[in-house]
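Only one structure is covered here, and it is reproduced in the block below.
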Protein chains: 2
Amino acid sequence: MNVGEVAALAGVTVRTLHHYDRIGLLSPSGRTAAGYRQYAPADLDRLHQVLLYRELGFPLEEVATLLDAPDADPEAHLRRQHRLLRARLERTQAMVAAVEKEMEARSMGISLTPEERFEVFGEHDPAQYEAEVEERWGETDAYAQSKRKTAAYTKDDWVRIKAEGADIEARFAAAMTDGVPADSDRAMDVAEEHRQQICRNFYDCPAEMHAGLGRMYVEDERFTAHYEEIAPGLAQYVSTAVQANAARQG
Amino acid sequence: MNVGEVAALAGVTVRTLHHYDRIGLLSPSGRTAAGYRQYAPADLDRLHQVLLYRELGFPLEEVATLLDAPDADPEAHLRRQHRLLRARLERTQAMVAAVEKEMEARSMGISLTPEERFEVFGEHDPAQYEAEVEERWGETDAYAQSKRKTAAYTKDDWVRIKAEGADIEARFAAAMTDGVPADSDRAMDVAEEHRQQICRNFYDCPAEMHAGLGRMYVEDERFTAHYEEIAPGLAQYVSTAVQANAARQG
DNA sequence: TTGCAGCCTGACGCTACGTCAGGGTCAAGG
DNA sequence: CCTTGACCCTGACGTAGCGTCAGGCTGCAA
């Protein structure tokens, strides 16, 4: 792909790609004889990461060091981004609440103190704060998590993990063909094992996130296809069971 | 207040306040004999607005024109900010979902197409997009809303509105002293009237937002005090009724 | 072969500040 | 009374992340 196509796909300008090339953040892996930039799939992967980190407020130079760190696997980046995005979510929710509070205060004739009104801004700095939280919290448990996870897996580990996954899927299918409802205890128990298997082997997956995955299994054809291949109707069954289990867990 | 205090309160640097002064975005309303900047409460109000708009990605120049527009009342700004913040909330949620999707895809060995992965970035530009949505959507219904709302109220309107509010509060209090549960139909009906009165007279207040207000009535002492002054226990009563009504409405 | 869209490389401009430099101000303590 | 350290002032220059020409080559469709 050439610059124009990549730019259109990623929603950035050609100039931006030129810039990333010059500063060495993202250099296309090839050029045509005429000097046209040629972007390979791997370059798109990297661009994707770059844009995520940029959106999260990281300076480009830091993005480069993050992505070029030899010991950082892709999964670790995803986990980090997930954490930071949820932090942003919380912050935005707090700001929404603050604005609502002010609207209500005005309509009731109550006036807020300056401290209250600036509460949500307190010493923030959108980028640095998130990066800081990351530094102090992220790399304690999550770094350890990252280390003992996929990066360190041997072939045997992968075989075992695949087997675990297949086992759980088979038990879902068995429950379904036995006519057990998807929101029954038996199905939910399998769902809970599914969640814990994800936690053990891949990434931290709280109930809420697991419910999101459940929804995706029926909404996204790729995941639907994965389950339908095992047994027809299994995608919907697993989806329901997973969401029911999430509701049960709280 | 002098620069340092304001900076600490608002979570910005002194340099930032200097900058805002020089470009005329926020000039303190006074100076000491020695030339020290003196910020009045009104200046803090303005700073608050500036920071909100800045956070939403507006360029400072545009913030200035927005805030200096003679026909824009504070309520309109709050409504606009509320809309934009919710747009950001949705976008962030979409990004969280996208990252979760990718994590799950990796753990299941499915690989996503570039289009899917850049979906969430598509033609965005964090500031402009929000500003654009604002231009096209906001100023159609909401501008009309703004116009016929508080800005145009006469003294009589205010008297009527105050009376309406007092009436609803009295009916809440009556229901409570009658021993009617806060989640009964009677109490929820009053809550619904409360919501509709806010919509008519002040700002658009969907069920979800109303529930948020309900929570605030018991969490924030200012609002609690407002209701407790009418009758002890009324804050909790109204809060419960409002949240129950929001749940009822869906 | 002739457009015209798309690509290239400088190079300068712009926003929203960060960061000194050089110098007054103010309240507390010696 | 005087000094000291924290705070304030005004330039002035620097920086990040591009936007925006300018001047020129490339590629493909008519």
Side-chain angles (χ1 to χ4, degrees), chain A residues 1-39 43 47 49-67 121 123-129 131, chain B residues 1-39 43 46-47 49-67 121 123-129 131-132:
Chain A
M1 296 179 68
N2 54 25
V3 267
E5 291 163 353
V6 173
L9 178 63
V12 301
T13 68
V14 170
R15 179 64 176 91
T16 299
L17 294 177
H18 283 179
H19 185 59
Y20 292 172
D21 188 1
R22 187 153 330 166
I23 67 175
L25 176 56
L26 173 62
S27 297
S29 47
R31 293 269 188 149
T32 70
Y36 283 26
R37 274 166 254 257
Q38 290 288 107
Y39 290 85
D43 298 330
L47 177 57
Q49 298 288 339
V50 167
L51 293 183
L52 262 172
Y53 277 126
R54 182 186 74 166
E55 173 98 19
L56 284 167
F58 285 85
L60 296 184
E61 197 178 328
E62 206 170 327
V63 173
T65 66
L66 280 173
L67 293 182
F121 284 109
E123 66 174 71
H124 177 64
D125 183 8
Q128 249 48 14
Y129 174 73
Chain B
M1 297 178 68
N2 55 24
V3 268
E5 290 163 352
V6 173
L9 178 63
V12 300
T13 68
V14 170
R15 178 65 177 92
T16 299
L17 294 177
H18 283 179
H19 186 58
Y20 292 172
D21 188 1
R22 189 154 328 169
I23 67 176
L25 176 58
L26 173 63
S27 297
S29 47
R31 295 268 188 147
T32 69
Y36 283 27
R37 275 166 253 258
Q38 290 288 108
Y39 290 85
D43 298 330
R46 186 173 170 105
L47 177 57
Q49 298 288 339
V50 167
L51 293 183
L52 261 171
Y53 277 125
R54 182 185 73 166
E55 173 99 18
L56 284 167
F58 285 85
L60 296 185
E61 197 177 327
E62 205 170 327
V63 173
T65 67
L66 279 174
L67 293 182
F121 285 109
E123 66 175 68
H124 178 63
D125 183 7
Q128 249 48 13
Y129 174 73
E132 229 173 73

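Chain identifiers are assigned alphabetically (A, B, ...) following the order of the sequence lines, protein sequences preceding nucleic acid strands; residue numbering begins at 1 within each chain. Model, not experiment: these values are computed from the prediction.
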Quiz item: Got a sec, which residues hit side chain to side chain contact (heavy atoms under 4.5 Å, CB included) with A:Ser27, two or more places apart in sequence or on another chain?
Solution: A:Asp21

Exercise. Tell me, with the steps shown, if B:Leu17 and B:Leu47 meet side-chain contact (heavy atoms from CB on, under 4.5 Å).
Key: CA-CA 9 Å; B:Leu17 294 177; B:Leu47 177 57; 4.2 Å; yes

Quiz item: Rounded to the Å, how far apart are A:Arg22 CZ and C:dT9 C1'?
Solution: 7 Å

Quiz item: Can you name the residues that form a side-chain hydrogen bond (donor to acceptor under 3.5 Å, both in side chains) with A:Ser29, not counting sequence neighbours?
Solution: A:Asp43

Practice problem: Mark up nucleotides 12-17 of chain C, 5' to 3', with B wherever a protein heavy atom is under 4.0 angstrom from a base atom, S wherever such an atom reaches only the sugar-phosphate, and - elsewhere. | Solution: ----BB

Quiz prompt | Criterion side-chain contact (heavy atoms from CB on, under 4.5 Å) on B:Phe121 and A:Glu55, from CA distance to verdict | solution = CA-CA 10 Å; B:Phe121 285 109; A:Glu55 173 98 19; 4.3 Å; yes

Practice problem: Dump the intermediate steps for side-chain contact (heavy atoms from CB on, under 4.5 Å) on B:Leu60 and B:His19, then the final yes or no. | Solution: CA-CA 11 Å; B:Leu60 296 185; B:His19 186 58; 4.2 Å; yes

Please set out all donor-acceptor pairs under 3.5 angstrom arising from side-chain atoms of residues 8-15 of chain B, sequence neighbours excluded.
from	atom 1	to	atom 2	distance (Å)
B:Thr13	OG1	B:Arg15	N	3.4
B:Thr13	OG1	B:Thr16	N	3.1
B:Thr13	OG1	B:Thr16	OG1	2.9

Practice problem: Give me the first and last nucleotide of DNA chain D, going 5' to 3', that has any atom under 4.0 Å from a heavy atom of chain A. | Solution: D:dG17 to D:dG27

Self-check item: More than 12 heavy atoms of other groups within 6.0 Å of B:Gln38 CD
Solution: yes

Practice problem: Please state how far atom CG in A:Asp21 lies from atom P in C:dC7, giving the value in whole angstrom units. | Solution: 14 Å

Exercise. Test B:Tyr53 against B:Glu62 for side-chain contact (heavy atoms from CB on, under 4.5 Å), laying out the working first.
Key: CA-CA 9 Å; B:Tyr53 277 125; B:Glu62 205 170 327; over 6 Å; no

Quiz prompt | Minimum heavy-atom distance between A:Arg54 and A:Val63, given as atom pair plus value | solution = N-CG2, 4.5 Å

Quiz prompt | Minimal non-hydrogen separation, A:Asn2 against A:Tyr39, with atom names | solution = C-CD1, 4.2 Å

Restricting both atoms to N or O, compile the protein contacts to nucleotides 25-28 of chain C shorter than 3.5 Å, with distance only.
from	atom 1	to	atom 2	distance (Å)
C:dT25	O4'	B:Tyr36	OH	3.2

